[in-house]
Asks: 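Have a look at this one before I ask anything.
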There are 2 protein chains.
Amino acid sequence: MADTDPTETHRSIGRELKKGSLELVVLSRLVRGEAYGYEIVSELSARTQGVFDITDSTLYPVLYRLERAGFVSIRWETQNRGVPRKYYQITPKGLTELAALRAEWSRYVGAIQQLLTSGD
Amino acid sequence: MADTDPTETHRSIGRELKKGSLELVVLSRLVRGEAYGYEIVSELSARTQGVFDITDSTLYPVLYRLERAGFVSIRWETQNRGVPRKYYQITPKGLTELAALRAEWSRYVGAIQQLLTSGD
DNA sequence: AGCATATATCTTGTAGTACAAGGTACTTGC
DNA sequence: GCAAGTACCTTGTACTACAAGATATATGCT
């Protein structure tokens, strides 16, 4: 077993940081207007200069969760040219959730900031 | 199967938010001086007014990970009165890691902030 | 003495999650 | 024809926070 790799200290920090904030980010995007999955993936990476870099196999389960909870609604667009697209829109319930997530995020970031700058 | 609970939307948001930032928080605490597990648990909750609330069964695996990676060192203190305490100190390697985690955290928070305030 | 409570550590099992890897379907360019 | 890009979805894996429980020592109460 290759269990004693000295270089295997912290495989990927950012991976775990995304947990819990993905819903917030996606819902926040949908406030600006409807969008489809593939669009969101490439947009997030571009807008954050690659910091928030996710794959489609990460996003689709997120969208499915949001849909199942009633935070987004779906509209299929089978256009003449190209693969059919599944457009997602934020619902009133989703807007409420977004406000809660924003508050939670602020509280959490504030708490960590307080811990990091504890010059006590 | 109780799978269709309407009230089961987002069990606990904060739970997932902690992932990836626990190492940062713990190492940051140890810069102020050595501490033992039970102490850290109660201190974090108090310092953040209950926002960053973890249990000991969450912290101990974290400390074990940090120790295994060489980011903290251990000193047992078997005093006359009370249960023996396991004191943790941050190592030079841990200080380097802390700097990296701080940078990663800043980048990540900055990226999200940018996404949330995109008035475009 | 007996027993609950607080301190302090550790282990096991569970649910949730990001992501790699792969699959399907349609369209355009070579 | 066929590779590459777009766009969707599924399965399996590694990691994680945490509940639940176990263990040991000391103090307070009856």
Side-chain angles (χ1 to χ4, degrees), chain A residues 1-3 5 8-26 34-45 51-69 74-88 108, chain B residues 1-3 5 8-26 34-45 51-69 74-88 108:
Chain A
M1 292 149 200
D3 201 20
D5 283 47
E8 282 288 331
T9 44
H10 55 57
R11 297 143 200 271
S12 60
I13 324 168
R15 177 169 184 163
E16 303 299 328
L17 284 177
K18 286 176 200 154
K19 299 193 178 185
S21 55
L22 252 173
E23 269 89 349
L24 167 67
V25 164
V26 170
E34 64 174 5
Y36 58 95
Y38 214 77
E39 186 184 10
I40 297 175
V41 168
S42 48
E43 216 188 276
L44 285 184
S45 182
V51 175
F52 209 95
D53 204 18
I54 59 167
T55 64
D56 61 315
S57 55
T58 296
L59 182 65
Y60 284 119
V62 173
L63 289 171
Y64 182 67
R65 262 180 272 160
L66 292 175
E67 179 203 346
R68 197 161 175 232
I74 286 176
R75 177 176 71 83
W76 274 102
E77 184 168 307
T78 38
Q79 43 198 4
N80 298 22
R81 53 186 61 204
V83 186
R85 289 173 178 172
K86 201 173 176 182
Y87 278 91
Y88 294 86
Y108 184 74
Chain B
M1 304 135 193
D3 203 20
D5 282 48
E8 282 287 331
T9 45
H10 54 57
R11 296 142 200 272
S12 60
I13 324 167
R15 176 168 185 163
E16 303 300 327
L17 283 177
K18 286 176 200 154
K19 300 193 176 182
S21 55
L22 252 174
E23 268 88 350
L24 166 67
V25 164
V26 170
E34 65 174 5
Y36 58 97
Y38 213 78
E39 185 183 12
I40 296 175
V41 169
S42 47
E43 215 187 277
L44 285 184
S45 182
V51 176
F52 208 96
D53 204 17
I54 59 168
T55 63
D56 61 312
S57 55
T58 296
L59 182 65
Y60 285 119
V62 173
L63 289 171
Y64 183 68
R65 263 180 272 160
L66 292 175
E67 178 203 347
R68 197 159 175 233
I74 286 175
R75 177 177 71 83
W76 273 102
E77 184 168 307
T78 38
Q79 44 200 359
N80 298 24
R81 53 187 62 204
V83 186
R85 289 172 178 172
K86 201 173 175 181
Y87 277 91
Y88 294 86
Y108 184 73

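Fair warning: this is a prediction, and the values are worked out from it, not measured in the lab.
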Asks: Kindly compute the distance separating CD (A:E39) from OH (A:Y88), expressed to the nearest 0.5 Å.
Replies: 12.5 Å

Asks: Using whole Å, what does the distance between atom C1' of nucleotide C:dA15 and atom NZ of A:K19 come to?
Replies: 11 Å

Asks: Using only side-chain N and O atoms of B:R65, determine if any of them is under 4.0 Å from OP1 or OP2 of D:dA17.
Replies: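 Yes, such a contact exists.
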
Asks: With nearest nucleotide decided by heavy atoms, which residue, A:P61 or B:G20, maps closer to the 5′ end of DNA chain D?
Replies: A:P61

Asks: Rounded to the nearest angstrom, tell me the gap between atom NZ in B:K86 and atom P in D:dA24.
Replies: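 Nearest whole value for this atom pair: 17 Å.
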
Asks: Rounded off to whole Å, could you give me the OH-to-P distance for the A:Y64 and C:dT17 pair?
Replies: 14 Å

Asks: Is there a side-chain contact between A:L17 and A:F52 (heavy atoms, below 4.5 Å)?
Replies: no

Asks: Rounded to whole Å, please give me the gap between CD in A:E16 and C1' in D:dA17.
Replies: 10 Å

Asks: Measuring from B:Y36:OH to B:L59:CG, what's the distance to the nearest 0.5 Å?
Replies: 12.5 Å

Asks: From the set D:dC9, D:dA19, C:dT7, return the single nucleotide nearest to any side-chain atom of A:W76.
Replies: D:dC9

Asks: When the C1' atoms of the five terminal pairs at each end define the local axes, what inter-axis angle does the helix from C:dA1-D:dT30 to C:dC30-D:dG1 show, to 10 degrees?
Replies: 10°

Asks: Could I get the full list of salt bridge (charged side-chain N to carboxylate O under 4.0 Å, His left out) partners for B:K86, not counting sequence neighbours?
Replies: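 For B:K86 there are no salt bridge (charged side-chain N to carboxylate O under 4.0 Å, His left out) partners, ignoring immediate neighbours.
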
Asks: Less than 4.0 angstrom between a side-chain N/O of B:Y60 and OP1 or OP2 of C:dC10, yes or no?
Replies: no

Asks: Filter on salt bridge (Lys or Arg N to Asp or Glu O under 4.0 Å), then keep only pairs touching residues 56-66 of chain B, sequence neighbours left out; what's left?
Replies: B:E23-B:R65

Asks: Take the protein atom OH of B:Y38 and the nucleotide atom C1' of C:dT9, then report the distance between them rounded to whole Å.
Replies: 10 Å

Asks: Nearest-Å distance, CD1 (A:I40) to C1' (D:dC8)?
Replies: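 Rounded to the whole Å, the gap is 13 Å.
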
Asks: Atom pairs under 3.5 Å, N or O on each side, protein against nucleotides 23-30 of chain C: can you list them with distances?
Replies:
residue : atom : partner : partner atom : Å
C:dT27  : OP1  : A:N80   : O            : 2.9

Asks: Below the 4.0 Å mark, does D:dA7 have OP1 or OP2 next to a side-chain nitrogen or oxygen of A:Y36?
Replies: yes

Asks: Considering residues at least two apart in sequence or located in another chain, which fulfil the side-chain contact (heavy atoms from CB on, under 4.5 Å) criterion with B:S45?
Replies: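 B:D53.
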
Asks: In whole Å, what is the span from the CD atom of A:E23 to the P atom of C:dT17?
Replies: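 Whole-Å distance recorded here is 7 Å.
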
Asks: Does C:dA18 have its OP1 or OP2 closer than 4.0 Å to a side-chain nitrogen or oxygen of A:R15?
Replies: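 Checking A:R15 against C:dA18: no side-chain N or O falls below 4.0 Å of OP1 or OP2.
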
Asks: Can you name the ring-ring contact (aromatic ring centres under 6.0 Å, His included) partners of B:Y38, sequence neighbours left out?
Replies: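 ring-ring contact (aromatic ring centres under 6.0 Å, His included) list for B:Y38, sorted by chain: empty.
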
Asks: Taking side-chain contact (heavy atoms from CB on, under 4.5 Å) as the test, write out the residues that go with A:E34, two or more places apart.
Replies: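 A:E34: side-chain contact (heavy atoms from CB on, under 4.5 Å) contacts with A:R75, A:Y87, A:Q89.
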
Asks: Can you list the residues that meet the side-chain contact (heavy atoms from CB on, under 4.5 Å) rule with B:S57, with sequence neighbours excluded?
Replies: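 For B:S57, the residues satisfying side-chain contact (heavy atoms from CB on, under 4.5 Å) (neighbours in sequence not counted) are B:T55.
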
Asks: Base, sugar-phosphate, or nothing for A:S57, non-hydrogen atoms under 4.0 angstrom?
Replies: base

Asks: So if I take every side-chain heavy atom of A:I54 and compare against C:dC19, C:dA18, C:dT7, which nucleotide ends up nearest?
Replies: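 Of the options given, the side chain of A:I54 lies nearest C:dC19.
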
Asks: State which residues pass side-chain contact (heavy atoms from CB on, under 4.5 Å) with A:V51; sequence neighbours excluded, sorted by chain then number.
Replies: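 Counting only residues at least two positions away or on another chain, A:V51 forms a side-chain contact (heavy atoms from CB on, under 4.5 Å) with A:T48, B:R107, B:A111.
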
Asks: Rounded to the Å, how far apart are A:E39 CD and D:dG5 P?
Replies: 20 Å

Asks: For C:dC19, does either OP1 or OP2 sit under 4.0 Å from a side-chain N or O belonging to A:T58?
Replies: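 Checking C:dC19 against A:T58, a side-chain N or O does come within under 4.0 Å of OP1 or OP2.
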
